[in-house]
Each structure stands twice: as structure tokens, then as C-alpha cells.
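Throughout, protein chains are lettered first and strands after them, A, B, ... in sequence-line order, and every chain is numbered starting at 1.
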Amino acid sequence: MTTVEQPSSTAHNFLKTIIEEDLKSGKHSSVVTRFPPEPNGYLHIGHAKSICINFGLASEFGGRCHLRFDDTNPAKEEQEYIDSIKESVRWLGFDWGEHLYYASDTFEQLYQWAVCLITEEKAYVEDLNAEQIRAYRGTLTEPGVESPFRTRPVEENLDLFARMRNGEFPDGSHVLRARIDMASPNISLRDPVLYRILHTPHPHVGDAWKIYPMYDFAHGQADAIEGITHSICTLEFESHKPLYEWFLDNLPVPNRPRQYEFARLNLTYTVMSKRKLQELVQHGLVSGWDDPRLPTLEGLRRRGYTPASIRNFCEQIGVGRSDSWIDVSILEESVRADLNESAPRAMAVLRPIKLVIENYPAGQSEELQAAHHPQKPEMGSRTIHFSREIWIDADDFMETPSKGFHRLTVGGEVKLRFGYIVTCTGVIKDEQGAVVELRGEYDPASREGIHTADGRKVKGVIHWVSAAHSISAEVRLFDRLFSDPNPDRSGADYKQFLNHHSVETLTGCQLEAALTGADMETRYQFERMGYFRQDSKDSTPDTLVFNRVVTLRDVWAKK
RNA sequence: AGGGGUAUAGCCAAACGGUAAGGCAACGGCCUCUGACGCCGUCAUCUCUUGGUUCGAAUCCAGGUACCCCUGCCA
């Protein structure tokens, strides 16, 4: 029924090709993927791409996808992030079932494997400090220099490593390194650090450990332990692949996963790096991690984006290996497409100006029926009221209309949606000459259709609400957070591109009475204005607050 | 004298030696009680570039060019 769901199985990409071949050749009998976030921040739309790829591939090929926390650095990780990440993945519509894992649950196994490497003279305890290690590492064009501790005897390494674990040494005093090749052109192979000492409690395993494995030493092995077949990550990990494989080659791991990389998502008019998002929050440039202008999943959720629209977006942008910039309008178009199908319509006057229908009796009113959806009668209808005084949007009236304007003008006529045709007979102005009220007359015979008594067709249809029946609300109009397509442009501070009009708060907006007690989750289309949803934090039954998810397309406004 | 990647339309992206899908955007037109939605049509003689192989090349080969990633005890 919904046009939002794409025939995803037909949209091909290189990862599907690889999996199809692996299944066909018998290399794997089923596919197991994983989404491996580090719980050091909130998820954003870029993570959604990864989530959709990993869970999507598993589901398309009848396999499973694990949720695994890559929690190897307790200095940056918190339980709050673990909770938020789980919630965001669930909200997006994915289910890891029983397969929730923590890299930290493999710490004992990893320790034993580290001991294996030491025993086989493939790892050693380093006494050099961080600065020295860096200096010895060499540069992109010059080979590194071997550490004097590289040839430390196995027994001594074993003893030192055990004492590192026991917490006998302070942070930074020692590190465990793999002995690979200090002259490798691939810097990640120049005796990479495997373990560092960190006297920091861990959100998942508490204070059980004083040493923590590095990402490189944990990730591939966790993949192997979980039986991951296709370990899918972003392009910047490509140079780590030889190291990923070195561990699998040199350790008695139970399975042989394979790493594949794809290009991360870049979106125009926003920033995606954790550091920058954090800075925006900490400097109060946005209201929090769930600010509706942010590309965080919590922000998009609060804004009113639907999980389906984000999944569909991820499907539409595809998966490739070339750096790409997706225009944010594709995201916006995706939520429009979804909400156009599902959102019940309502009328809301955002910038009210009163129109008094002088030929309609004071104190009288009548009920009209308005369909919830123009193309879906099965969605039913609601009752709206018509009376002598109504609110219309100030933007729908022009005293001196510009060319092509076909809403209300003095002496002109317009159709009130679901109501009557009205003619504006005059305006009332204040001392400054600003129009403060409109006067008009209605045609009692014009309830049906948009034709006047003499057969003409009115050009414009506008939304409105009865002043005696409307309810007041606050409406927040959001725009892009940045005014530049790429605020991350090198050489400039991204904050200088902040759009200072990215949120406009309107109070005293007049909504039709049927919105009283509206359901918090329901997204509405305020006719001609866009899609709106109540703000999950600030809206209450007494003081409704609506967020604009996205505008409607507006070819008139473009002119 | 480093290594690893990537170049197909304004933005993404298919193609697997057989004659350039699709989406978004844009532009015409139709429809419409939302300037919405929907519908119809147009939109790469050509795949970063220069050569080569071939009956045939976006696909294979050689040489250029541009951009991205890698020198955390981050992931």
C-alpha cells in the first residue's frame, strides 16, 4: 500500500554481490553481520546508514545482525550512551534479538590471546612513553625505529603484562605492543599498541580491569568469537585491514570473518562529527543532543521524522566506496513521501489575522465535515466549525497583490478549504497603517466545489479556523542548522556558518478544535503548511507545542 | 623513492567485453477544494584524461590528473 517501501531487493550494491557470491560458493551458509558502536556518544543519521546496511543485509539474506558495543575505552564511554544507542536502534525498527554483545565481555579471552602472542614472541611490553613511541614510529615516508624493549625476554614480558593487569603500574607507564614490522609502509603495522593501562572503571565490567585492549586488538577477535561472516565498516578502517587479518592469522580464533568497507554518509547543511555535535551542545548553540535541528537520531525523532522515512532514505542513497555528499533535500523528500501517505490533515493558522464575515450572523455557527486525507476516504473525517469570525494566515492576504498571487486580496475572492467562498470587502488598519483585520462576505451557496454562483472558478483555496472554536498553540518552525552546504569546509570554523534563523517560535497559533488532546505520536499535515508533530518534551495537553518536521514542497514560494 | 582507496549527469548510483538502469533535483504539460499529492514528457552519442588491445571498451592494458584515508596509549 505505502509507496515509501522500496523494492530494496532490487537495489543492488557491491556488498550484496559479495554476499551472494559467498552464499553461492558455499563459503558461508548464512550471513552474520553486526552493528558495533562505541558507547561514547549519541547515534546520528550516519550511524543509521550503517545500521540499515548491517541489519538490512542480514534480513535480506536470512541471517542475523548483532548489536555489539565496542567498549574498549572506558575513559570515554558511559551507560547513558549504551541506553540511548539501544533505544535508537529499536526506534529505527531493528531487533537484535538475543544477540546483544559487549567487546568487554571478551576481555578475558583477549588477555589470554595476548599472552599467546607474547609466548610466541609476537608481542612485548614497552617501557617507552607515548611521546617516544610516536618518535620511534617514523613518518609517512620514513620507516620507524625498533624499540630497545622489542627484544625483551618472553618470561619478563609475561611477568610485566601480568603485573600490568594487576594494577601495579600507573597509567601510561607501559603498553603491550605487537611485534610486526617497524618499517612497514602501512603505519598500523609498525608494532601497534595492543593494551594500555587505564585505572578507570568501565561502564559494563566495572573495575575488573586495569588494562584495556585497543580497538584493533578487540574488534576482529570479537567478530571471530561471535561468528560474524561479513564485518562491514567505513572506509577509514581500510588501512587497518592487514592488522585485522594479522590477528586472525596469528591467534587460534574460532572463525574467520572478513572486513569490507563502505563510504560513510556526508550530509549537506549539517555536521556529523561527534566532536562538533558535542561542541554545539556544550556551547548552548543547540538545546541538547535531541535538538530537532541536529542530525542525531534523537533529534530527528523529536523533530518528527519517522523511522520508515530514515530507513527509506538509507535505501535510496545506496552504498558505495566513493566519497559522496548527499543533499539534505533527499532526507526531507523521504519524510514527505512517508507522511503524505500516513498523516491525517488538519488546519492550523500560524500567523493569524481575523476575517469577519459580515453577512454571517453573530453568535451563529455550523458544522462542516473535513476529510482526514484527500485520497484516502477510509481515514475518515473530522468536524470543523464555521462562524462569523475566522482566522486566516496573514500570508494568505495581500493588500497589493504581487503578480500571480491567487489568495485573498481586497475585492477578491477565495475558497475556504472545506467551507465557503468568501470575498474580502475591506481592511481595518491601525495608526501605523498596518492591516489588523479583514472584512468580508461569504456566498452561502458555495459549500461544494470551487465555482462561484456565476460559474467562475476561484483560483485560491486557503486554510482557516473558526475564531470561536480554535485552540491556541505554539509552533516551532525549523530550518537548516547551517547556511552553507558544507560547514566543514577546510580552513574555516564551521560555527561561522550557523544559520541564525534555524528556528522560529510562533506563539498564539490557532488550530482547529479537533486537535485538542491530539495524540503525541501522530504526525499531522497542517494543510498548505507542512508536516507537524508535537514536541515530545514541551507539549502538554494544556499548552500544545508542535514542531514542523518539514515544509510541503512549494513551487510558488520558489518564484 | 611511503602505503591504501576513489573518479559514470547538478547530487547519489547501476553496469562485470555486446552498445550508459533507477532515485533526487531541474524543466515543460495535465490534474487538483492543499500553489500539496498524483500523472505524462524532457534531461550522458557518453563514463576524470591521454594512448593502446578488440569486430566491439565505462568495463581489459599502459601513462597522466584530481580528491579522500593512514604518523592516538581514540574508535
Side-chain angles (χ1 to χ4, degrees), chain A residues 3 6 10-13 17 36-38 40 70-73 75-77 126 129-130 133-135 137-144 171-177 183-190 193-198 212 214-216 218-219 233-242 261 263 268 274 315-327 329-330 332-334 336-337 340-341 345 347 371 373-375 404-407 415-419 421 446-451 457-463 485 525-530 551-559:
Chain A
T3 58
Q6 292 289 307
T10 65
H12 223 262
N13 64 53
T17 304
E38 182 191 16
N40 69 342
D70 237 334
D71 53 352
T72 56
N73 185 4
K76 295 184 174 177
E77 298 154 6
E126 174 67 275
N129 63 35
I133 288 175
R134 192 181 319 122
R137 186 148 37 219
T139 69
L140 295 178
T141 53
E142 298 161 328
D171 288 8
S173 59
H174 299 279
V175 101
L176 183 74
R177 291 231 252 171
S184 173
N186 182 338
I187 292 177
S188 66
L189 257 22
R190 317 239 265 232
V193 172
L194 269 31
Y195 272 91
R196 74 289 217 184
I197 299 170
L198 240 35
Y212 292 93
M214 299 290 288
Y215 161 84
D216 286 310
H219 197 89
C233 61
T234 44
L235 247 24
E236 66 269 25
F237 289 99
E238 187 158 30
S239 59
H240 294 239
K241 183 146 64 177
E261 312 84 17
T268 57
K274 243 167 222 176
E315 186 60 42
Q316 288 195 14
I317 59 176
V319 185
R321 285 175 60 85
S322 58
D323 294 323
S324 59
W325 281 88
I326 304 295
D327 197 294
S329 65
I330 293 180
E332 295 168 344
E333 195 48 43
S334 177
R336 279 192 195 104
N340 178 51
E341 295 293 320
R345 267 89 240 232
M347 291 200 284
H373 192 112
Q375 280 86 232
F405 182 80
H406 51 240
R407 277 107 96 160
K415 170 78 176 184
L416 296 178
R417 172 125 244 235
F418 302 117
I421 291 172
S446 62
R447 272 271 296 273
E448 302 296 326
I450 53 169
H451 292 273
K457 204 173 173 180
V458 297
K459 293 174 301 203
V461 179
I462 65 172
H463 56 98
Q525 183 196 99
F526 289 170
E527 295 216 21
R528 305 204 308 131
M529 302 308 291
T551 61
L552 253 33
R553 280 184 81 237
D554 188 349
V555 298
W556 167 247
K558 282 181 183 175
K559 292 178 181 170

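Residue-level contact check: A:Ser324 touches the backbone only, with heavy atoms under 4.0 Å from sugar-phosphate atoms and none from bases. Residue contacts for A:Glu238: at a heavy-atom cut-off of 4.0 Å it reaches the sugar-phosphate backbone alone, with no base atom in range. Contacts of A:His219 with the nucleic acid, taken as non-hydrogen atoms under 4.0 Å apart, are absent. Contact annotation for A:Arg528: base contact, defined as any heavy-atom pair under 4.0 Å involving a base atom. Using a 4.0 Å heavy-atom criterion, one finds that A:Leu552 contacts the bases of the nucleic acid, with or without backbone contacts as well. Heavy atoms of A:His406 sit under 4.0 angstrom from at least one base atom. Using a 4.0 Å heavy-atom criterion, one finds that A:Val193 contacts the sugar-phosphate atoms exclusively. Using a 4.0 Å heavy-atom distance criterion, A:Met529 is classed as making no nucleic acid contact. Among the atoms of the strands shown, only primed sugar atoms or phosphate atoms (P, OP1, OP2) are found under 4.0 Å from some heavy atom of A:Ser322. Nucleic acid contact class of A:Asn129 (heavy atoms, under 4.0 Å, all strands): base. Heavy atoms of A:Ile317 sit under 4.0 angstrom from primed sugar atoms or phosphate atoms, though from no base atom. Residue A:Arg177 is classed as having no contact, given no heavy-atom separation below 4.0 Å to the nucleic acid.
Taking atom CG of residue A:Asn13 and atom C1' of nucleotide B:rA14, one finds them 10 Å apart after rounding to whole Å. Protein atom CZ of A:Arg553 is 5 Å distant from nucleotide atom P of B:rC37, rounded to whole Å. The separation between A:Trp325 atom CH2 and B:rC67 atom P is 16 Å, rounded to whole Å.
Taking 3.5 Å as the limit, the base of B:rU71 and the side chain of A:Glu142 contain no donor-acceptor pair of atoms between them. The base of B:rG35 sits with one of its N or O atoms less than 3.5 Å from a complementary donor or acceptor on the side chain of A:Arg407.
What you find for A:Met214 and A:Tyr195 is that their closest heavy atoms are CG-N, 4.3 Å. Summarising the geometry of A:Arg321 relative to A:Glu238, their closest heavy-atom pair is NH2-OE2, 2.8 Å, with the distance given to 0.1 Å.
Ranked by how close their nearest RNA chain B nucleotide is to the 5' end, A:His240 and A:Pro185 are led by A:Pro185. Looking at which nucleotide of RNA chain B each of A:Val319 and A:Asn340 is closest to, the 5′-most match is held by A:Val319.
Taking the C1' atoms as reference points, B:rC70 lies 41 Å from B:rG56, given to the whole Å. With P as the reference atom, B:rA57 and B:rU49 are 15 Å apart, rounded to whole Å. With P as the reference atom, B:rC11 and B:rA44 are 15 Å apart, rounded to whole Å. As rounded to the nearest Å, B:rC37 and B:rC27 have P atoms that lie 14 Å from one another. For the P atoms, the distance from B:rC46 to B:rG4 is 34 Å, rounded to whole Å. Between B:rA9 and B:rA26, the distance separating the two C1' atoms is 12 Å to the nearest Å. Rounded to a whole angstrom, the distance from the P atom of B:rG23 to that of B:rC40 is 11 Å. Of the C1' atoms belonging to B:rA21 and B:rC48, the separation is 22 Å, rounded to the nearest Å.
Aromatic stacking of A:Trp556 on B:rG35: satisfied, with centres closer than 5.5 Å and planes within an angle under 30 degrees. The aromatic ring of A:His12 does not sit over the base of B:rA14; the criterion of centres under 5.5 Å apart with planes under 30° is not met.
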Discussion item. Let's go through A:Ser184 and A:Asn186 carefully: what are the C-alpha distance in whole Å and the side-chain angles of both, what is the deciding distance for side-chain hydrogen bond (donor to acceptor under 3.5 Å, both in side chains) to 0.1 Å, and is it a yes or a no?
Written reply: CA-CA 5 Å; A:Ser184 173; A:Asn186 182 338; 5.4 Å; no
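Taking the side chain of A:Arg196 as heavy atoms from C-beta on, and the options B:rA7, B:rC68, B:rC74, the nearest nucleotide is B:rC74.
In this structure, A:Arg345 does not reach the B:rU34 phosphate: none of its side-chain N or O atoms is under 4.0 Å from OP1 or OP2. When the side-chain nitrogen and oxygen atoms of A:Ser334 are compared with OP1 and OP2 of B:rC24, none of them lie within a distance under 4.0 Å. An OP1 or OP2 oxygen of B:rA36 is reached within less than 4.0 angstrom by no side-chain nitrogen or oxygen of A:Arg336. Contact annotation: A:Arg321 side-chain N/O to B:rA7 OP1/OP2 distance is not under 4.0 Å. Listed pair A:Arg417 / B:rC33 fails the phosphate criterion, with no side-chain N or O lying under 4.0 Å from OP1 or OP2.
Using a 90° window around 0 for the glycosidic torsion, B:rG41 falls outside it and is classed as anti.
Just one residue in the list A:Arg345, A:His373, A:Arg336 forms a side chain to side chain contact (heavy atoms under 4.5 Å, CB included) with A:Gln525, and that residue is A:Arg345.
Searching all strands for a Watson-Crick or G-U wobble partner of B:rA21 with both distances below 3.5 Å returns nothing. Pair check for B:rU6 finds B:rA66; Watson-Crick or G-U wobble, both atom distances under 3.5 Å. Across the strands present, B:rG72 finds no partner; the criterion is a Watson-Crick or G-U wobble pair with both atom distances under 3.5 angstrom.
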